[in-house]
Each structure stands twice: as structure tokens, then as C-alpha cells.
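Everything on this sheet refers to the single structure shown next.
Per chain, numbering begins at 1; letters A, B, ... match sequence-line order.
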Amino acid sequence: MKTALQGPVRVRFAPSPTGFLHVGGARTAIYNDLLRQNLGGSFILRIEDTDKARSDEAMTRQIQSALTWIGVEWDEGPFLQSERLPRHRERAEELLAAGKAYRCFCTPELIETQREEAQRKGETFRYPRTCAALTAGETETRLAGGVPYAVRFRLPEGNIRFHDLLRGEMDFPQDALDDFILLRSDGSPTYHMSVVVDDIDMGITHVIRGDDHLSNTPKHVPLFLALADRVPVFAHLPLILGPDRKRLSKRIGSTSVEEFRNEGILAQALYNFLALLGWAPGEDRELLSRREMIELFTIEGLNASAAVFDREKLLWMNQQYILSLPFAELAPQLAPFLAELGVPTGDPARVEAIVDLYRPRAKTLRELAEAVPSFFAESLPYDAEACAKFLADPALPGYLEALAARFAAVPSFDVPSLDAALRTLAEELEVKAAALIHPARMAVSAATGGPPLFDLIALVGREATARRLGDFVRFLRQARPA
RNA sequence: GUCCCCAUCGUCUAGAGGCCUAGGACAUCGCCCUUUCAAGGCGACAACACGGGUUCGAAUCCCGUUGGGGAUACCA
């Protein structure tokens, strides 16, 4: 039953521009991308902007830039659904002419009353097909009288069956559906009409979309049949859930691609993470490039159950990418964060060295960037509370002055020399190296943790190290309670 | 309410009737490495929702229950 899919395919991603690109949508786009790249064919981007009130042109651009950023490529489009409305109407007229659709003169108010009535009785409301029974003459009279009408699809008899690549054979009882509306009374097509016409005209072979459309598919299937005599292959992806097992919502944190980007998540990491949320490439592999994922991707490998979005794992994966990406690939995505913090651009080699030092210590690009500015700062803010231990030691200022002198005397300001200088002094003073290392770290970086001290000092530089040790000694002498 | 979908560690998952004493990863907790913080290495904890079948044998197949999700618009 599960035959391997053959290419070329024509797939589409069809977001509505009512907000930023959601991670759920991004994942749908990713699976379409993976399938298209794996089998060959075309990825069509279609913006479903027919709800003019909620659609926004800026969002359309946003979505495109988010897709480009994350690494999803489309071959055709973006097509704006709003520009195709006349075509949708035209196809509806054809159905009308063929008797596969009919005019419905019932007012929305009447329908609403009937719906409420049905609800009160605990029944499922289905349009009672009042107008389906209208004679040609009755229809003409109303038309002549200018009575507004909607166009309804005449649902064919029989259960609706279709195959879903993830769920298998689907069978919906006919009475779960009713004669749904194709054209509203203002002549505008409904979503169902638009999607089906567009999918037909664009030659879509595989419809890969969110699970929330599974219940819409029984409407689309007979429409496809009425309009084109041909139905695409469907694959309905499970939804992404929040930690509360509810639909991923804003309360939990970031939900849009844009937000993750601003937090400092790498595009590669987000693509990788989202692709693995519901798909396993096999052999317990988790860190894969887009190339590798394309190679290994199969629709059969997709999971049918909903997945909870695990922020911690995303952060871990992001760190793995930060750790392993060549600097040349990291730099462009890191640059905006550095710029935001006012890091000078004059010495890229030094920035690279600093970044390399902090890679294993940052989960996001933002954290990574935040480590950089202090290397360029004139002076550092020392916190008395964090330095309580150092303040309590009356001998320390003297030691640090001695250390500064040793560092100043080092011929070459590099890690081995600095290391030797400090350890020699510690021996002479008969203290543990750690007794000098910790305060020196505080002096030079205003932090209790961080990269190995000598790497740190070498990058801070001879001049700034001397200055900071001096500053810190002064701070200790001033802040110490008398 | 009705229709539909889903169900393995806390989370993402491997698992296509015997390979399962249920594997990997994140998280958590130990230990190692270490000047600190990370990273890394090693280890521990931890799951087949429940009940019936089918079968010599079931995490895997069937039915039911429960739980979760989705759909029920002249929204998309």
C-alpha cells in the first residue's frame, strides 16, 4: 500500500498573511521543501490573502523573508490569491451551469435561526437544501426581483473517501457535510472554492498541510472531482503543541520564526529542529544539514501524532550549531547582534578570536554577541557583592599589583607566557595559583566564570589588562570597609 | 452534541509479531576532566494510557474505554 513517491512533484505552501510566520507553518513549509528537493519538481508559494480585512501586505513580505531566512526555497510565486478571484468566480459559474452547484436565496439570518434551533435540539445543523429544490422558474423570479443569493455546492451522494499519506484510507460519511457555500452573496469565493481552483490551476500534485485541514478535505475532494476529475495526494501533518499540550500559543514564549531569529537562533538550527519535530531520519541521527535531510527525507517517515515544542532542545541544538559552524557562516547571522551592541568593526580577527572563546558558552547568538563588548570597553563595572570574597582579603591588592608588574614585564603577551608569569608569582608568594586566578579574572572581565583566564587576558591585551588590574586594585582599596 | 484524527520515558523519537532485559537525544541527577563557567566524556533516573481479544508469541494486529487534538461559518 505504501508505495514510494515518485517525482517530479508540484507542492505548495499557502500561508495567509495575517501574522508573522508561525513555527507550525514553517514546519509545513519545510516538509514541502524537503519533498520537493528530494523528488524534484516545483515548490509554489501562494499567499492566501482573500480575507482582505485581516491580510496585510507587509506580512506577505515578512513571510517571504522568514522563509528565505530559514532556508526554504520556492520555484514559483508568490501568487496572490486575491488576484485570482475572478477565476474562482468563473469556475463557480461553470459548476452552476453544469448543475453541480445551485443558487441559495436563504438569508444568513434564516440560516442562523435554523442553526440555533438545531443546536437547541442537540442536533447537528446541516443546510436543509431548501433552495436545491427550487424550479428554474422560481429561481428566475427571485433573480428578476434582485434577491441576493449565495452559490452552494451540490454535494454528490455517497461517502467521501480519499487517501492520506499519513493516515491511510479516510472515509467520511456524507451526512457529516452539507452543501457548503462556494460564492458568497457579494460574489466573492469562499476559502474552499479558492484553494481547490488554485490547486487545480497550479497543477498541485501533493497537498501537504496542517492537520487542521483534514476535516476540510472531505469538502475539497468532491470539489476537485467536480472541477477537474482528479484529486491530488494529501498528507496532513500533525500540529505542534505547547508544553500544555494545547495549540502552541504566545503565552509560552516565542512562536514565530521572526521571534526566534531575534532571540539569536540560527536559521540552520531552527530548520533542523522543526524538521525533526515529527520526522526521524533514522539511525538516531539528529544534527543534519538541509542537504542531508533532503537526501534522507520520506513522507512515510513522518509521524502521525502531534508534537510538543521543546524549547530546551531547540536551544541545545542551536548551541551545537554555534559550536560547529565555520566562522564565515556564523558571522553574517551574528553581525546584527554585534551591531546592536555597538561592537567596533575595525578588527574582525579579534572579534573572531573572542567569539571562538565563547562558542561553547552560548546557547544563542545574542548570548554570544553579549560576550564581546566588554573586550572593547574602557572600564568595567565591579560589583561589591560579587567581590565580597576578594574584599575580605587585605593582602590581595598587593598581590594583584605584583601580578600586574609581572604581566607588564612579559616579553610576549601570549597564553604560555602569562601562565608561567602568574604561576611563578604564586610560588614566590606561596599561595595557590587559584588565589591569583580568580581575582585576576574578576579584574579583567568583571565576571566569576568564563573562558580559561590566560586566553581571556591574551585577548584583552597588554594595555587593557594593566589598566583593569589597576582599576580593580583601586576598587578593592576604596570599597573595603575600614 | 456530531464527525474526524492521535496515543512508547517529563519532552522529541527508534520500533513494520519473536532481534525488546524497549534503543537514541533533550531535560534532570551523579562522576571524570578542570583556575572558574561552559563544552566534552562516562554513568544513573525514566515509557509501551487502560481493558478485552487474535496468536505458540503483541509496544507492534483488531475492538472498546479513557485522555488529548482538530473540524463542525456567506473565516482562512
Inset, instruction - Determine the contact category for A:Pro238: base if any of its heavy atoms lies under 4.0 Å from a base atom, sugar-phosphate if only primed atoms, P, OP1 or OP2 are that close, otherwise nothing. - result: nothing

Inset, instruction - Would you indicate what A:Gln319 reaches in the nucleic acid, counting non-hydrogen atoms under 4.0 angstrom: base, sugar-phosphate, or nothing? - result: sugar-phosphate

Inset, instruction - Please determine if a side-chain N or O atom of A:Lys246 lies less than 4.0 Å away from the OP1 or OP2 oxygen of B:rG68. - result: no

Inset, instruction - Please check the phosphate of B:rG40 (OP1 and OP2 only) for any side-chain N or O of A:Gln320 closer than 4.0 Å. - result: yes

Inset, instruction - Ignoring backbone atoms, test whether A:Arg115 places a side-chain nitrogen or oxygen under 4.0 Å from the OP1 or OP2 oxygen of B:rU2. - result: no

Legend entry - Strand contacts (RNA chain B) in residues 190-202 of chain A, 4.0 angstrom heavy-atom criterion: A:Thr190, A:Tyr191, A:His192

Inset, instruction - Tell me which of A:Asp171 and A:Gly450 sits closer to the 5' end of RNA chain B, going by the nucleotide each one is nearest to. - result: A:Asp171

Legend entry - Sequence-distant partners of A:Pro452, side-chain contact (heavy atoms from CB on, under 4.5 Å), two or more places apart: A:Arg361, A:Asp455

Inset, instruction - Could you tell me whether the side chains of A:His236 and A:His213 share a donor-acceptor contact shorter than 3.5 Å? - result: no

What does the list of N/O pairs under 3.5 Å between the protein and nucleotides 19-23 of chain B look like, with a distance for each?
residue : atom : partner  : partner atom : Å
B:rG23  : N2   : A:Asp284 : OD1          : 3.1

Inset, instruction - For A:Pro218, report the nucleic acid contact type (base, sugar-phosphate, nothing); a contact means any heavy atom under 4.0 Å. - result: nothing

Inset, instruction - Rounded to the nearest angstrom, tell me the gap between atom NE2 in A:His220 and atom P in B:rC4. - result: 18 Å

Inset, instruction - Under 4.0 Å between any heavy atoms, over every strand shown, what does A:Met170 touch: base, sugar-phosphate, or nothing? Just pick one. - result: sugar-phosphate

Inset, instruction - Could you tell me whether the side chain of A:Arg361 has a donor or acceptor atom within less than 3.5 Å of a complementary atom in the base of B:rC37? - result: yes

Inset, instruction - Please work out which residues in residues 427-445 of chain A have a non-hydrogen atom less than 4.0 Å from an atom of RNA chain B and list them by number. - result: A:Ile437, A:His438, A:Arg441

Inset, instruction - Answer with base, sugar-phosphate or nothing: what part of the nucleic acid does A:Ser305 contact at a heavy-atom distance below 4.0 Å? - result: sugar-phosphate

Filtered N/O pairs between nucleotides 9-12 of chain B and protein, under 3.5 Å:
residue : atom : partner  : partner atom : Å
B:rC12  : OP1  : A:Val308 : N            : 3.0
B:rC12  : O2'  : A:Leu276 : O            : 3.3

Inset, instruction - Could you label the plane-to-plane angle of the A:Tyr382 and A:Phe475 rings as parallel, tilted or perpendicular, counting under 30° as parallel and over 60° as perpendicular? - result: tilted

Might you list the N or O atoms of the protein lying below 3.5 Å from N or O atoms in nucleotides 59-63 of chain B, with each pair's distance?
none

Inset, instruction - Under 4.0 Å between any heavy atoms, over every strand shown, what does A:Leu214 touch: base, sugar-phosphate, or nothing? Just pick one. - result: sugar-phosphate

Inset, instruction - Report the nucleotide, chosen from B:rA71, B:rA27, B:rA76, that has the shortest atom-to-atom distance to any side-chain atom of A:Arg247. - result: B:rA71

Inset, instruction - Look at all strands and tell whether A:Leu183 reaches a base, only sugar-phosphate, or nothing, counting heavy atoms closer than 4.0 Å. - result: nothing

Inset, instruction - For A:Glu109, answer base if it contacts any base atom (sugar-phosphate contacts may also be present), sugar-phosphate if it contacts only those atoms, and nothing otherwise; contact means non-hydrogen atoms under 4.0 Å. - result: nothing

